[in-house]
Trainee: 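To start, I am sharing the structure in question, which I have written as structure tokens.
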2 protein chains.
Amino acid sequence: MKDNKKQKRILEVAEEEFLMKGFAGARTVEIAQKAGVSHSMLHYYYKTKEQLFEHVMGEKLQQLKESVATVFMIEDMPVVEKVVELVVRHFEFLSENPDLPRFIINEVIVRPEYAEMLKREALPILKDAVAWLQRELDAAAKEGEVRTMDAATLLMDIVSVNFFSFIVAPILSSVKPDMDFQAYYHARCQENVQLILNRINPDIK
Amino acid sequence: MKDNKKQKRILEVAEEEFLMKGFAGARTVEIAQKAGVSHSMLHYYYKTKEQLFEHVMGEKLQQLKESVATVFMIEDMPVVEKVVELVVRHFEFLSENPDLPRFIINEVIVRPEYAEMLKREALPILKDAVAWLQRELDAAAKEGEVRTMDAATLLMDIVSVNFFSFIVAPILSSVKPDMDFQAYYHARCQENVQLILNRINPDIK
DNA sequence: AAATTATTTAACATTTTTGTTCAACAAATT
DNA sequence: AATTTGTTGAACAAAAATGTTAAATAATTT
């Protein structure tokens with residue numbers, strides 16, 4: 001086999017385009033053109049736009065799944081540090097995949113079949129992660145290290161502040177064209193860590 | 001004039017469709033059909049899909065603008081209560097417009113001309129609001145009522161946790177089909193208030 | 001070298017979506 | 001009553017997007 005450099009290239013460009021514009025907004029001819037292959041080549045490897053999209057979505061969900069596994073694989077350390085590590089890792093994951101969440105959320109809302117896919121792929125592993133975090137938190141709460149709290153809620157807080165940091169980034173930059181992304185991300189990550197630390201702090205409320 | 005009930009109806013349905021599916025995903029014939037008017041009627045009032053979309057976007061940005069004004073018009077009370085009020089009002093606004101933010105963010109990212117529109121429409125008033133909040137916070141910080149902090153950051157925290165509560169709601173419900181939205185929203189709002197209160201609490205860190 | 005696989009070009013077919021036109025009719029306004 | 005405005009239907013045109021085909025060539029594998 002020729003190792004299909006072009007096929008890979010098509011998929012790469014398809015990812016970019018679908019992630020930016022969604023299924024409805026992306027154009028197959030544009031994908032082919034940007035990938036530097038002929039229009040027919042695209043259909044040679046992927047019969048339909050839908051099929052191409054499925055591959056992209058499949059890869060992205062896979063990636064999401066792996067990222068959950070990675071993000072949660074934290075060696076032994078005090079639970080507070082673990083939570084900090086969680087926030088930072090999740091933030092880092094997002095900084096490498098800034099428009100993945102927006103993409104998934106949109107497609108899942110617009111096209112129910114992909115809600116199913118998400119449910120199948122990403123959910124079981126996420127449930128395990130929540131259960132793990134809950135055990136950690138409960139144990140630490142008994143020692144008074146953190147306040148008693150729901151792991152799912154904490155996770156949602158983490159995801160929402162991190163996620164939103166990336167959602168607004170392009171808007172902020174359209175407002176301040178000279179904005180320093182590096183600095184922004186750095187500051188935001190710190191802010192988010194701080195916010196989550198307050199959240200689990202046992203001395204409050 | 002006949003007071004254009006149908007024209008209004010078209011706009012209503014167009015809002016629903018564009019908000020759910022975005023510009024690229026929405027279909028003019030479907031809009032006409034759901035509005036209970038003929039296909040030709042749609043083009044009679046709105047020459048093109050783009051024009052129809054502009055009306056919707058215009059209205060939505062207007063609404064956003066007004067909501068900012070409303071959300072921030074808080075009578076005299078201690079600043080901590082003001083912040084709580086802010087969170088609750090913003091949450092309420094979102095509960096009435098659950099997919100507005102997602103819509104705006106998407107279109108603004110995909111179509112730069114609407115980033116301009118957003119900048120023109122919503123930004124000046126938001127800047128005022130941030131300035132107001134900053135003054136309030138600074139005054140309160142001097143009295144030790146809240147911790148010294150950046151108003152823009154606090155606002156971003158508020159928006160992100162509230163916003164995300166609504167983003168995930170449809171996903172959660174696809175996971176747990178029997179989920180009680182009412183209860184979920186109520187709990188989430190409380191959680192978000194709590195999170196923000198921790199954030200401004202002067203006794204932490 | 002032969003066979004297979006990858007790739008292009010360029011035309012074409014199909015489908016989907018948008019937009020137009022026109023004749024007729026209904027409703028409201030003057 | 002006459003006129004303007006709203007409305008439909010149905011056909012049609014035009015544009016945009018997807019998908020197909022076949023012939024020719026290049027590259028790779030056997």
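Proteins come first, then strands; the chains are lettered A, B, ... in the order of their sequence lines, and each starts at number 1.
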Trainee: For a quick test of reading the model: is some side-chain N or O of B/K6 closer than 4.0 Å to OP1 or OP2 of D/dT8?
Mentor: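 Yes, such a contact exists.
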Trainee: So do B/L61 and B/I104 actually touch side chain to side chain, heavy atoms under 4.5 Å?
Mentor: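 Touching, per the 4.5 Å side-chain cut-off.
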Trainee: Test of understanding: with ring pair (Phe, Tyr, Trp, His ring centres under 6.0 Å), list the residues that count as partners of B/F181, not counting sequence neighbours.
Mentor: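 Per chain and number, B/F181 pairs via ring pair (Phe, Tyr, Trp, His ring centres under 6.0 Å) with B/Y185.
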Trainee: Tell me, which of residues 10-20 of chain B have any heavy atom that sits under 4.0 Å from an atom in DNA chain C?
Mentor: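 Correct list: empty, so none.
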Trainee: What is the separation between atom CZ on B/R9 and atom P on D/dG6, rounded to the nearest whole Å?
Mentor: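 Computing the B/R9:CZ to D/dG6:P distance gives 19 Å.
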Trainee: Which nucleotides of nucleotides 14-20 of chain C have their base under 4.0 Å from a protein heavy atom (B), which only their sugar-phosphate (S), and which neither (-), written as one string 5' to 3'?
Mentor: ---SBBB
Trainee: What nucleic acid atoms does A/Y46 come within less than 4.0 Å of, heavy atoms only: base, sugar-phosphate, or nothing?
Mentor: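 A/Y46: no heavy atom of the nucleic acid under 4.0 Å.
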Trainee: Rounded to whole Å, please give me the gap between CE in B/M41 and C1' in C/dT21.
Mentor: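 Between C1' of C/dT21 and CE of B/M41: 14 Å.
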Trainee: Can you pull the salt bridge (charged side-chain N to carboxylate O under 4.0 Å, His left out) pairs that have at least one residue in residues 88-110 of chain A, sequence neighbours excluded?
Mentor: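 Of all non-adjacent pairs touching residues 88-110 of chain A, those that pass salt bridge (charged side-chain N to carboxylate O under 4.0 Å, His left out) are A/E85-A/R89.
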Trainee: Going by the salt bridge (charged side-chain N to carboxylate O under 4.0 Å, His left out) test, which pairs reach into residues 151-166 of chain B, not counting sequence neighbours?
Mentor: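 Non-adjacent pairs meeting salt bridge (charged side-chain N to carboxylate O under 4.0 Å, His left out): A/R188-B/D157, B/D157-B/R199.
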Trainee: Check the distance between D/dT5's C1' and B/Y45's OH and give it to me in whole angstrom.
Mentor: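 Result: 8 Å.
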Trainee: Taking CD from B/Q33 and C1' from D/dA10, how many angstroms apart are they, rounded to a whole number?
Mentor: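 That distance rounds to 16 Å.
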Trainee: Please report the C-alpha distance between B/N198 and A/N201 in whole Å, then the side-chain angles of each, then the deciding distance to 0.1 Å, and finally whether the side chain to side chain donor-acceptor pair (under 3.5 Å) criterion is met.
Mentor: CA-CA 9 Å; B/N198 291 352; A/N201 189 326; over 6 Å; no
Trainee: Centroid-to-centroid, B/F23 to B/Y114, below 6.0 Å?
Mentor: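 Ring centres of B/Y114 and B/F23 not closer than 6.0 Å.
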Trainee: Would you tell me if any nitrogen or oxygen in the side chain of B/Y44 comes within less than 4.0 Å of OP1 or OP2 on D/dG6?
Mentor: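 Yes.
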Trainee: Would you indicate whether A/Q182, at its atom CD, is surrounded by more than 12 heavy atoms from other residues, nucleotides or ligands within a distance under 6.0 Å?
Mentor: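 For A/Q182, atom CD is not crowded (no more than 12 foreign heavy atoms under 6.0 Å).
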Trainee: Can you give each donor-acceptor pair under 3.5 Å made by side-chain atoms of residues 11-19 of chain A, sequence neighbours left out, with the distance rounded to 0.1 Å?
Mentor:
unit_1: A/E12; atom_1: OE1; unit_2: A/R9; atom_2: NH1; d: 2.7
unit_1: A/E15; atom_1: OE1; unit_2: A/K60; atom_2: NZ; d: 3.4
unit_1: A/E17; atom_1: OE1; unit_2: A/K21; atom_2: NZ; d: 2.8
unit_1: A/E17; atom_1: OE2; unit_2: A/K34; atom_2: NZ; d: 3.0

